[in-house]
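Only one structure is covered here, and it is reproduced in the block below.
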Amino acid sequence: MEESGSSKEDDPPPWRPPGGAFRPYNASESSSAVDAPAKSGTGKTPFVERLTKGILETFQMCNPNFKHLEVLNPKHFFTNPSDGIQNNGHDNANSDLILYTDCVLVNLESKRRYVVKDMLGQGTFGQVAKCWNMETKNYVAVKVIKNHPAYYRQGLIEVAIVDMLNQKFDPDDQYHIVRILDHFVHQNHLCITFELLGSNLFELIKPKHPRGLSLNNIQMFSQQILQALVVMKDAGIIHCDLKPENILVSSSVQPLIIKVIDFGSACLEGKTCYTYIQVFHILASLSWSRHYRSPEVLLGHQYNAAIDMWSFGCIIAELFLGVPLFPAVSEYDLLKRMIETLGAQPPDSLLRDAKKTNQFFKHVGSTYCMESEGVTTAFRVLTEEEYEERESKRPAIGKLKFKYVKLEDLIANYPYSKNMSKEEIRKESFSRVALVDFLRGLLELDPERRWSPLQALHHPFITGELLTCPYEPPSETRRKPIFDAVTVDHNPGWGHWLANGLSPQVVAMNKSIPQNSPHLSKVPLSYGSSYSSLGSYGSCIDNTGLRSSYNGMNSGPIYSSPLGPRGPLKRAQAGGYFPGPIPDARRMPWMLNPGSLGQMSLGASPLQFSPPSSQMHVSTVSQGSYGPTSPRGFQGSYLRKSAVVGQYNVTKNWGSPTMSMHNEIMSDCGPGHCDNGFQGHVGSPYSVHSTSTHFSRRQPEGGDSSLSSGASTSYRSFPEDSHDENAPHTLDVSYDKLEGSSSAPGPADWDPNYSDDYLLQEDNSEVNSLCFSFSNDMQLGNHTGTTITTPGAGRADYGQQQPYTNSNLTSLNQRAENLLQAYSFGGSNLCTAHSQYFQPILPDRFGQQSVQWFGLVDSASMHGHQIGQQAWPNHNMAYSDFFHQSYGAEQWHVLGRNCWTFHSNDVTPNPW
Ligand SMILES: Nc1ncnc2c1ncn2[C@@H]1O[C@H](COP(=O)(O)OP(=O)(O)OP(=O)(O)O)[C@@H](O)[C@H]1O
């Protein structure tokens with residue numbers, strides 16, 4: 001009332017900023033934030049944008065007394081949930097460090113500070129934040145591992161593996177493997193600093209959905225990924241979780257450079273004593289990457305680096321198709337799709353040995369003849385009814401179907417881009433033939449015959465040569481074992497409660513790497529050109545990046561690495577990165593768990609860890625996902641991470657899990673929604689049921705599953721540039737309910753090599769370092785009869801030359817036929833309508849999470865491998881010359897029948 005009665009004269013004069021907030025523009029006023037952009041040459045920046053970006057200065061212009069105090073800013077949390085209920089309030093219920101804008105991660109030893117600016121991603125192991133390195137003044141990606149022994153340990157292994165790959169195998173950063181920059185412990189969280197990369201391959205193809213990338217780009221990416229795979233294979237590393245999400249664009253400058261990330265699931269090849277860990281690990285980690293899972297893993301067979309090649313094949317097909325090649329919603333579904341698309345089933349040799357053959361196949365003696373292949377086999381895949389009868393549950397079958405089933409048809413009939421000229425289409429049709437042949441070698445159901453990275457790297461699809469007949473790479477032999485090792489720094493925190501058996505309350509003293517540490521400097525070692533071991537092979541660079549230098553008899557310089565045979569350790573002694581094992585830590589009985597074989601009792605599940613309950617951090621919040629049941633009683637597929645983690649938690653009896661693997665993990669394959677959001681081009685008569693897009697990318701958030709369990713999705717799926725304007729496609733899709741598992745086997749169920757005796761043998765907890773033998777000798781047969789073979793573990797056939805046996809020739813014939821089919825199809829249907837390409841549906845993308853494995857790598861160091869003399873034929877030579885020279889006249893005659901003859905005007909050079 002008083003106010004309304006006050007006279008105008010009583011009112012104070014309106015506040016005016018000194019000088020006036022708005023005044024005539026004066027170019028000489030250089031301090032104006034609003035004007036600043038104009039001076040820096042970006043005068044075209046819209047006024048509002050300039051005003052907004054310089055908001056603080058604008059405020060200050062309005063009111064010189066204005067002061068911005070960051071501390072008063074409300075916290076913007078990146079971590080969800082953001083309630084600090086563990087680790088003195090630093091962690092949430094999922095053991096994730098609660099990250100918020102401008103919080104600082106500190107390497108206490110080096111005093112290096114990383115200011116959190118954004119969240120890049122979240123995965124099984126923790127969170128990845130975009131951080132500002134205050135020392136170097138650039139952005140980096142910091143992976144903040146969950147505060148949990150299993151993750152911590154696995155994080156150390158990731159550090160060791162990436163560091164070893166960086167320093168020893170790729171010192172000059174040429175082979176597309178993410179660079180590790182630092183690691184330290186902050187608030188009991190292992191933090192790993194990587195170079196900052198960009199979007200991943202999935203994000204790259206998403207906007208083009210449902211089309212894939214151009215063949216040029218696919219070829220370029222293939223080459224880069226293969227180079228990384230060659231390096232990994234050399235190092236004896238199996239990535240185990242290769243998928244589009246784990247391949248990131250490194251630089252947006254053309255040509256695009258990509259890098260492989262996430263070695264958190266990686267393991268060492270060829271150490272069969274760890275098979276059970278590997279199998280455990282692989283089954284767990286790949287459960288979220290089912291689309292990329294190899295048949296041998298699916299069937300519970302022993303595996304090696306060939307599984308990465310399978311995943312790679314799936315990725316390449318997906319880059320082309322824009323959708324996963326095997327968009328399976330269950331393992332049975334996956335197997336059926338593999339068999340249908342590839343027209344064959346895994347070989348009997350694999351089926352005979354695999355643990356899970358009975359789950360999917362019926363033994364029918366040797367009379368069964370696969371229709372498509374004309375191959376006799378003793379196993380027939382179960383029908384859905386038979387499967388249901390046997391497993392007491394109906395297999396989940398995804399409804400996404402392509403119109404064309406066979407790989408050759410899929411590729412050949414994939415719609416050509418609308419704006420391509422006839423000539424371009426003609427060229428691409430040839431490239432597609434090369435792509436089919438390339439994929440055939442990668443998606444080989446028999447891991448023994450699947451191409452190695454090096455073999456694939458020389459395929460005409462990669463080299464750009466003309467493919468005139470099915471590519472048959474020279475055979476490759478295993479490398480000789482080289483005792484080598486990966487050094488795991490068990491104590492980057494100098495007192496991390498896990499490493500030292502202390503309570504989490506003990507303040508961690510961080511160990512740091514000086515910015516100019518020798519560790520960080522490039523090792524003057526050229527990959528593939530220095531150290532060696534007798535009889536091994538090396539790699540050298542050629543125009544495809546890495547080139548084989550297969551030469552089993554090379555007696556070149558033996559170990560000339562400047563690092564010496566135990567480079568990493570030496571570096572460590574010099575005050576570098578990896579000081580080697582911390583004996584004290586590893587003598588802690590519980591330290592070897594999780595993942596340690598050492599402390600396991602006979603017959604114990606590797607998941608049964610004895611907790612240092614008095615010392616370890618105990619979660620106080622129950623997620624309610626895991627009950628105190630025996631691991632074997634765990635509900636759900638043992639392929640699921642939740643099972644793994646759940647068991648871990650349960651057996652640790654920590655009361656409640658602190659991990660974010662809940663419902664979404666329980667669901668093997670929640671399809672979620674996947675409306676492709678694709679709008680048909682104008683004038684298209686396609687009827688679209690749903691055009692909204694939401695690829696469900698699940699994140700571990702509390703106990704909630706972000707899985708779209710509705711699983712009913714409607715979307716149309718056909719490529720945008722389809723030439724067929726008259727093919728209406730309306731797709732109603734609903735996914736089946738997810739497959740559940742009625743049993744939860746222990747290691748004996750999923751590990752083909754498991755035995756209790758085995759565990760006993762591995763009880764070497766006193767050993768400070770474990771050396772892993774890497775079979776680093778890889779040799780090529782010279783195809784004239786002599787092959788230097790290396791007996792040893794690993795692929796059974798690799799020690800022997802693979803002459804052209806009947807089965808090889810049958811396979812060649814088959815591939816030649818398939819390719820010819822593709823050729824003719826591509827040729828005669830260049831402008832065919834393709835709107836019916838996909839029968840229905842785009843699959844949902846899910847499965848972001850892969851699980852940790854409780855592997856054990858204690859200490860090791862890597863020896864090098866020998867650079868051999870190049871034995872690979874000049875891959876520029878004509879095919880006929882190549883075969884003639886390589887195989888001799890007689891074999892060439894045989895092979896020649898499988899090669900096509902072209903009329904001169906039919907042969908179009910590969911467009912690359
Ligand atoms: N160096 C990096 N630069 C930019 N983003 C990154 C980098 N490393 C990881 N990311 C992002 O963080 C996400 C998770 O990283 P990463 O795969 O290493 O974690 P993870 O916990 O091992 O995941 P997963 O559950 O798939 O195994 C990646 O998908 C990516 O989007």
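The structure displayed is predicted, hence computed values, not measured ones.
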I'd like to check the side-chain hydrogen bond (donor to acceptor under 3.5 Å, both in side chains) partners of [X]; sequence neighbours left out, ordered by chain and number.
X      : value
Glu49  : Lys53
Thr79  : Gln127
Asp102 : Lys117
Gln224 : His176

Please find the pair of heavy atoms, one from [X] and one from [Y], that lie closest to each other, and give the distance.
X      : Y      : answer
Ala93  : Gln86  : O-NE2, 3.1 Å
Val140 : Phe194 : CB-O, 3.5 Å
Phe263 : Ile161 : CD2-CG2, 4.0 Å
Ile98  : Ser82  : CD1-O, 3.5 Å
Gln60  : Phe66  : NE2-O, 3.3 Å
Leu190 : Leu156 : CD2-N, 3.6 Å

In short, salt bridge (Lys or Arg N to Asp or Glu O under 4.0 Å) pairs touching residues 75-90 with sequence neighbours left out are none
Tell me the salt bridge (Lys or Arg N to Asp or Glu O under 4.0 Å) pairs involving residues 184-198, sequence neighbours left out?
-> Glu195-Lys259
Gln154 side chain to Gly264 backbone, donor-acceptor under 3.5 Å = yes
Do any N or O atoms from the side chain of Asp172 and from the backbone of Gln174 form a donor-acceptor pair under 3.5 angstrom?
-> no
Gap between atom [atom2] of [Y] and atom [atom1] of [X] - 0.5 Å precision:
X      : Y      : atom1 : atom2 : value
Lys206 : Leu201 : NZ    : CG    : 12.5 Å
Leu99  : Gln122 : CG    : CD    : 9.0 Å
Leu196 : Lys130 : CG    : NZ    : 6.0 Å
Thr58  : Leu51  : OG1   : CG    : 4.5 Å
Arg179 : Leu165 : CZ    : CG    : 9.5 Å
Thr52  : Phe47  : OG1   : CZ    : 9.0 Å

Test side-chain contact (heavy atoms from CB on, under 4.5 Å) applied to Ile261 - qualifying residues, sequence neighbours left out = Val178, Leu197, Asn246, Leu248
Could you list the residues that satisfy side-chain contact (heavy atoms from CB on, under 4.5 Å) with Leu72, not counting sequence neighbours?
-> Leu69
Are any non-hydrogen side-chain atoms of [X] and [Y] less than 4.5 angstrom apart?
X      : Y      : result
Phe221 : Leu256 : yes
Leu319 : Pro244 : no
Thr193 : Phe184 : yes

If you measure only the distance, is there a donor-acceptor pair under 3.5 Å linking the side chains of Thr136 and Asn138?
-> yes
Steps toward side chain to side chain contact (heavy atoms under 4.5 Å, CB included) verdict (Asn147, Leu97) | CA-CA 7 Å; Asn147 183 6; Leu97 183 66; over 6 Å; no
Using a cut-off of 6.0 Å, state whether more than 12 heavy atoms not belonging to Lys67 lie near its atom NZ.
-> no
Passing option when Asp96 is tested against His189, His90, Lys146 for side chain to side chain donor-acceptor pair (under 3.5 Å) | Lys146
Matching residue for Glu135 among Arg113, Lys111, Arg112 - test: side chain to side chain donor-acceptor pair (under 3.5 Å) = Arg112
Does Phe78 have any ring pair (Phe, Tyr, Trp, His ring centres under 6.0 Å) partners at least two apart in sequence or in another chain, and if so, which?
-> His76
Walk me through it: do Val116 and Cys131 pass the test side chain to side chain contact (heavy atoms under 4.5 Å, CB included)?
-> CA-CA 4 Å; Val116 175; Cys131 295; 3.8 Å; yes
Charged N to carboxylate O under 4.0 angstrom, Asp262 versus Lys243?
-> no
